[in-house]
Amino acid sequence: MESPESAYVSSPEVPPKRSSPPRSPTSDFMEKSTYIRFLVSNAAAGSVIGKGGSTINDFQSQSGARIQLSRNHEFFPGTSDRIIMISGATNEIIKAMELILAKLLSEMHTEDGDEADPRSKVRLIVPNSSCGGIIGKGGSTIKSFIEDSQASIKISPQDNNYLGLTDRLVTLMGSLEEQMRAIDLILSKLTEDPHYTQFMNAPFSYAGVFFSGFHGIPYTYVLPSVPTAAYNSMNYGPNGAGGKFQNNKEDRSNSVTIGVADEHIGLVVGRGGRNIMDISQASGARIKISDRGDFMSGTTDRKVTITGSQRAIRAAESMIMQKVASASER
């Protein structure tokens, strides 16, 4: 598993060793620099990194691609999953994806035994503006991708619960071979979109995306007065050695206040305060809930004030949102 210092993992700044020649040398898109992003659970991220960064460095060396992960507890909105971005030539990205997914699949089988379902799920993050190309006129393109790959391909609707969120999830279900064929087809289509590569240098963080409601449950966000601090970063060299560059502003105390429906506060607090203590301990943030009857102005939402570093606040908020979401699904 990853060490506490591995808050953010990326490839070396020195270009990694290039992999074997592309599978289709005549195809221009195979050599074009592009990227792909997908989700991985916080626990599985540790196995992708490996001890001292050994696994991620090995995958980079084998594929020639650059592999980056969002920081610990830096999740895609509405999930508890971290983000992996792979960049490079298309054939390098495909190789790196295959290495990562094969490893995660093998570990899933090890944990669940030989009877584990060989059909697994991977969720790609795709800009909303690029989803039209994957769908095609009347759904023609996505239907052809499904027929070709034999994988299930589903595109989530635009999530209006998050103001400023411009990405959607493309879920692929199937065997590793079926998933990889679908990824190959989707990536080739995305690479044709001149606007897609503009998002390659976008930050991993969704700190600028604000939650506006969850299945009809009012959820009020009061913005902090202090701007989001720069991220910590960790760069692994070829031998796995890392160097941490920290912006001290990250540790400055900030505070945000969110509103949670009064009827759901009990689930956030937990029996004997267990849930809120777990959230506070896991995130490193201080959490205070207003007294009964002390509501956000104009609502019946209780005030939940989160104080700490920006990273701690985002982690705590994400965990609270998960509790609220579970309440709404009952």
Side-chain angles (χ1 to χ4, degrees), residues 1-4 6-7 39-46 70-83 111-112 123 159-163 165 169 205-207 209-224 226 228 250-330:
M1 294 297 292
E2 60 184 319
S3 64
S6 303
L39 301 184
V40 65
S41 71
N42 202 37
S70 64
R71 300 179 308 179
N72 193 16
H73 296 303
E74 191 70 43
F75 302 138
F76 184 84
T79 77
S80 56
D81 293 328
R82 288 165 70 177
I83 304 159
E111 292 177 0
D112 298 341
R123 288 181 292 175
D159 194 341
N160 295 321
N161 290 318
Y162 296 89
L163 303 178
L165 179 63
L169 295 178
S205 172
Y206 287 85
V209 176
F210 302 115
F211 189 69
S212 60
F214 223 135
H215 302 286
I217 300 174
Y219 197 104
T220 309
Y221 200 122
V222 179
L223 297 182
V226 181
T228 302
E250 177 69 26
D251 294 326
R252 289 170 57 180
S253 286
N254 304 285
S255 181
V256 300
T257 299
I258 60 178
V260 175
D262 192 40
E263 62 266 30
H264 297 304
I265 282 292
L267 189 60
V268 174
V269 175
R271 180 173 295 181
R274 181 178 180 84
N275 288 353
I276 200 165
M277 284 190 291
D278 287 346
I279 293 172
S280 180
Q281 184 176 10
S283 66
R286 297 187 300 278
I287 304 170
K288 182 180 178 181
I289 296 177
S290 64
D291 297 331
R292 289 181 180 177
D294 185 5
F295 300 132
M296 301 288 290
S297 179
T299 75
T300 56
D301 295 346
R302 297 273 287 279
K303 301 173 185 176
V304 180
T305 302
I306 310 170
T307 305
S309 68
Q310 291 286 353
R311 183 185 355 177
I313 289 172
R314 289 193 296 269
E317 184 191 357
S318 177
M319 295 175 199
I320 291 171
M321 286 163 53
Q322 292 297 318
K323 294 294 184 185
V324 174
S326 67
S328 68
E329 290 168 359
R330 293 182 177 183

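Note that the structure is predicted; figures quoted are calculated from it, not measured.
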Colleague: Test your reading of the model: is there a side-chain donor-acceptor pair from Arg302 to the backbone of Ser290, 3.5 Å cut-off?
Modeller: yes

Colleague: Measure across Ser255 and Thr305 and return the closest heavy-atom pair with its distance rounded to 0.1 Å.
Modeller: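 The pair with the smallest heavy-atom distance is OG-CG2, 3.3 Å.
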
Colleague: How long is the span from the CD1 atom in Ile320 to the CD1 atom in Ile258, to the nearest 0.5 Å?
Modeller: 4.5 Å

Colleague: Let me confirm one number: the CG-OG1 distance from Asp301 to Thr257, rounded to the nearest 0.5 Å.
Modeller: 12.5 Å

Colleague: Could you check Lys323 against Asn275 for side chain to side chain contact (heavy atoms under 4.5 Å, CB included), going step by step and ending with a plain yes or no?
Modeller: CA-CA 9 Å; Lys323 294 294 184 185; Asn275 288 353; 3.8 Å; yes

Colleague: Given the rule in the side chain to side chain contact (heavy atoms under 4.5 Å, CB included) test, do Arg82 and Arg71 qualify, once you have shown the distances and angles that lead to the verdict?
Modeller: CA-CA 7 Å; Arg82 288 165 70 177; Arg71 300 179 308 179; 5.6 Å; no

Colleague: Is there a side-chain contact between Gln281 and Met277, using heavy atoms and a 4.5 Å cut-off?
Modeller: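 No, too far: nothing below the 4.5 Å cut-off.
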
Colleague: Can you tell which of Asp294, Asp291, Asp262 makes a salt bridge (charged side-chain N to carboxylate O under 4.0 Å, His left out) with Lys303?
Modeller: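 Single pass found, and it is Asp294.
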
Colleague: Measuring from Met321:CE to Phe75:CZ, what's the distance to the nearest 0.5 Å?
Modeller: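 Result: 11.0 Å between the selected atoms.
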
Colleague: Got Met319 and Asp278 here, is their nearest side-chain heavy-atom distance under 4.5 Å?
Modeller: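 No - every pair of side-chain heavy atoms lies 4.5 Å or more apart.
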
Colleague: Return yes if some donor-acceptor pair links the side-chain N/O of Asn42 with the main-chain N/O of Ser80 below 3.5 Å, else return no.
Modeller: no

Colleague: So Glu317 and Ile306, do their side chains get closer than 4.5 Å, heavy atoms only?
Modeller: yes

Colleague: Please report the C-alpha distance between Ile287 and Val268 in whole Å, then the side-chain angles of each, then the deciding distance to 0.1 Å, and finally whether the side chain to side chain contact (heavy atoms under 4.5 Å, CB included) criterion is met.
Modeller: CA-CA 11 Å; Ile287 304 170; Val268 174; over 6 Å; no

Colleague: Take Arg123 and Asp81, measure what side chain to side chain contact (heavy atoms under 4.5 Å, CB included) needs, and give me the verdict at the end.
Modeller: CA-CA 10 Å; Arg123 288 181 292 175; Asp81 293 328; 2.2 Å; yes

Colleague: Between Ile265 and Val304, is any pair of side-chain heavy atoms under 4.5 Å apart?
Modeller: yes

Colleague: Taking all non-hydrogen atoms of both residues, which atom of Ala312 and which atom of Gly284 are closest, and how far apart?
Modeller: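 The answer is CB-C, 3.9 Å.
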
Colleague: Rounded at 0.5 Å granularity, tell me how far NZ in Lys288 sits from CD1 in Ile276.
Modeller: 11.5 Å

